[in-house]
Amino acid sequence: MHIVSQTTIKEYPLVSRGKVRDIYEIDPSTLLIVTTDRMSAFDVIMNEPIPYKGVILNQITLFWMHRFSSIIANHLLATEIHDFPKPLAPYADELEGRSVLVKKAKPLPIECIVRGYITGSGWKDYQRSGKVCGYELPSDLKESQNLPKPLFTPSTKAQLGEHDENITMGEARELTGEGLVKKVEEVALTLYDQASAYARERDILIADTKFEFGLQGKELLLIDEVLTPDSSRFWPAQGYEPGKGQPSFDKQYLRDWLAGTGWDTTPPAPTLPDTVIAKTQEKYLEAYRLLTGQELELP
């Protein structure tokens with residue numbers, strides 16, 4: 001197992017290199033997704049990787065996908081490198097723990113965000129308008145307060161280096177179609193409710209999260225990453241207090257450090273000190289341990 005900032009697998013065509021994942025086409029119906037240790041914040045890729053972050057993210061995603069498999073099918077085909085095609089064998093040390101073979105699906109053109117607490121861009125939206133993504137809310141909410149009920153708040157899916165933008169349900173219907181939006185809203189809220197109840201038993205509050213769905217033919221699949229520290233806000237339940245920002249087991253620590261440097265969020269990103277890299281990795285590992293009840297063996 002190695003620290004991996006970027007992969008180069010010559011045997012298969014590279015389909016996409018995103019902020020975190022490298023995706024290769026194995027055949028017309030199968031993809032290889034490699035979750036690297038690249039770290040992004042404010043939609044900018046940091047210069048330094050967070051060691052084994054990709055392994056942590058991949059293992060958390062697998063935990064949730066297996067847990068949710070009775071609710072919605074997912075795109076997983078193989079999760080162990082000994083089940084991968086033989087041409088990938090020379091890359092075993094790079095791929096171990098951080099890669100999956102998946103069914104090729106057509107991603108929906110929207111990000112499927114569920115908010116259970118008011119924070120981040122939702123809090124800014126509320127302060128400005130008294131609404132979040134078009135939803136009317138009570139006038140007396142405090143920062144980090146739990147919402148009367150979880151909200152499905154879709155956003156656009158931005159290109160690399162650009163920012164996602166919150167949209168209304170009406171705009172989501174125009175992009176995706178009314179029937180499909182209704183379906184993903186129902187599934188996303190169900191997944192959030194079940195995950196939140198489970199996480200609360202593990203002393204974690206899931207403030208919000210982003211799900212990805214795709215279509216293979218007419219079948220709706222859960223794809224990409226699921227309830228990881230990259231796609232979610234995880235707060236410790238102990239010490240939770242509305243009216244202020246909360247400590248977290250996710251990349252918010254890094255965002256706060258970056259904001260404190262005075263960086264204007266345009267590339268290049270500041271150099272990350274070793275202490276910040278280590279603390280970020282520690283928070284991701286803690287999220288894995290609390291959610292799964294297991295220790296993750298890393299080199």
Side-chain angles (χ1 to χ4, degrees), residues 15-21 23 31 33 35 38-45 57-58 60-61 64-65 68 71-75 102 104-126 131-135 147 150-196 206-216 220-234 248 250-252 255 265:
V15 175
S16 170
R17 179 166 282 137
K19 286 179 284 189
V20 175
R21 286 162 186 80
I23 302 177
L31 299 175
I33 299 180
T35 307
R38 294 195 293 270
M39 186 72 183
S40 73
F42 304 109
D43 295 308
V44 176
I45 298 172
L57 295 185
N58 186 52
I60 290 176
T61 291
W64 289 116
M65 282 193 167
F68 291 150
I71 300 172
I72 181 171
N74 59 60
H75 65 170
V102 302
K104 186 186 289 187
K106 182 180 180 182
L108 301 190
I110 57 173
E111 304 280 14
C112 298
I113 298 165
V114 180
R115 303 173 189 269
Y117 296 74
I118 189 160
T119 186
S121 63
W123 173 242
K124 293 177 182 176
D125 193 3
Y126 175 75
K131 302 177 182 179
V132 173
C133 301
Y135 292 101
L147 294 164
L151 298 178
F152 178 75
T153 60
S155 74
T156 59
K157 190 173 289 187
Q159 297 298 312
L160 186 62
E162 299 178 357
H163 298 282
D164 296 341
E165 293 186 9
N166 295 334
I167 57 176
T168 65
M169 286 295 289
E171 291 169 316
R173 292 184 195 101
E174 290 179 12
L175 286 169
T176 308
E178 184 166 357
L180 193 51
V181 167
K182 186 176 180 180
K183 175 65 174 176
V184 296
E185 177 184 21
E186 177 185 320
V187 172
L189 288 170
T190 298
L191 297 180
Y192 177 82
D193 286 344
Q194 292 212 6
S196 293
I206 303 176
D208 54 36
T209 194
K210 176 186 70 176
F211 294 109
E212 290 264 15
F213 297 98
L215 289 172
Q216 188 184 51
L220 185 68
L221 300 175
L222 182 62
I223 66 171
D224 199 46
E225 64 181 317
V226 182
L227 287 155
T228 73
D230 265 18
S231 65
S232 316
R233 284 186 175 90
F234 295 141
S248 64
D250 53 53
K251 70 165 69 175
Q252 193 58 46
R255 291 191 194 102
T265 73

Gap between atom [atom2] of [Y] and atom [atom1] of [X] - 0.5 Å precision:
X      : Y      : atom1 : atom2 : value
Ser232 : Ile60  : OG    : CD1   : 8.5 Å
Ile71  : Met65  : CD1   : CE    : 13.0 Å
Ile113 : Tyr192 : CD1   : OH    : 13.0 Å
Asp224 : Glu111 : CG    : CD    : 8.5 Å
Ser16  : Ile33  : OG    : CD1   : 9.5 Å
Lys251 : Arg233 : NZ    : CZ    : 10.5 Å

**Request:** Kindly determine whether His75 and Leu31 satisfy side-chain contact (heavy atoms from CB on, under 4.5 Å), including the steps that lead there.
**Result:** CA-CA 10 Å; His75 65 170; Leu31 299 175; over 6 Å; no
**Request:** If the plane angle is over 60° it's perpendicular, under 30° parallel, otherwise tilted; pick one for Trp64 and Phe68.
**Result:**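 Plane angle under 30°, so parallel.
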Search all heavy atoms of [X] against all heavy atoms of [Y] and return the closest pair with its distance.
X      : Y      : answer
Asp193 : Pro150 : OD1-CG, 3.7 Å
Pro154 : Thr168 : CG-O, 4.3 Å
Val226 : Thr61  : N-OG1, 3.1 Å
Glu225 : Ser231 : CD-CB, 3.8 Å
Phe234 : Thr228 : CE1-C, 3.6 Å
Met169 : Phe152 : SD-CD2, 3.5 Å

Please enumerate all residues that pass side chain to side chain donor-acceptor pair (under 3.5 Å) together with [X], with sequence neighbours excluded.
X      : result
Glu185 : none
Thr35  : none
Ser248 : Asp250

Below 4.5 Å, heavy atoms only, C-beta onward: do [X] and [Y] meet side chain to side chain?
X      : Y      : value
Tyr117 : Ile206 : no
Leu221 : Val102 : no
Phe213 : Leu180 : no
Glu171 : Thr156 : no
Gln216 : Lys106 : no

**Message:** So if I apply the side-chain contact (heavy atoms from CB on, under 4.5 Å) rule between Asp208 and each of Val114, Ile118, Thr119, which one comes out positive?
**Reply:**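 Only match with Asp208 under side-chain contact (heavy atoms from CB on, under 4.5 Å): Thr119.
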Where the side chain of [X] meets the backbone of [Y], is there a donor-acceptor pair that is under 3.5 Å apart?
X      : Y      : value
Asn166 : Gly122 : no
Tyr135 : Thr153 : no
Arg38  : Lys19  : yes

**Prompt:** Where do Leu215 and Leu220 land on the side-chain contact (heavy atoms from CB on, under 4.5 Å) test, with the steps shown first?
**Reply:** CA-CA 5 Å; Leu215 289 172; Leu220 185 68; 4.0 Å; yes
**Message:** Between Thr176 and Val184, does the side-chain contact (heavy atoms from CB on, under 4.5 Å) criterion hold? Intermediate values first, please.
**Reply:** CA-CA 10 Å; Thr176 308; Val184 296; 5.9 Å; no
**Request:** Flag yes if more than 12 heavy atoms outside Lys104 fall under 6.0 Å of its NZ atom; otherwise flag no.
**Result:**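 It does: Lys104 NZ has more than 12 such atoms within range.
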**Request:** Take Leu57 and Arg21, measure what side-chain contact (heavy atoms from CB on, under 4.5 Å) needs, and give me the verdict at the end.
**Result:** CA-CA 11 Å; Leu57 295 185; Arg21 286 162 186 80; 4.2 Å; yes
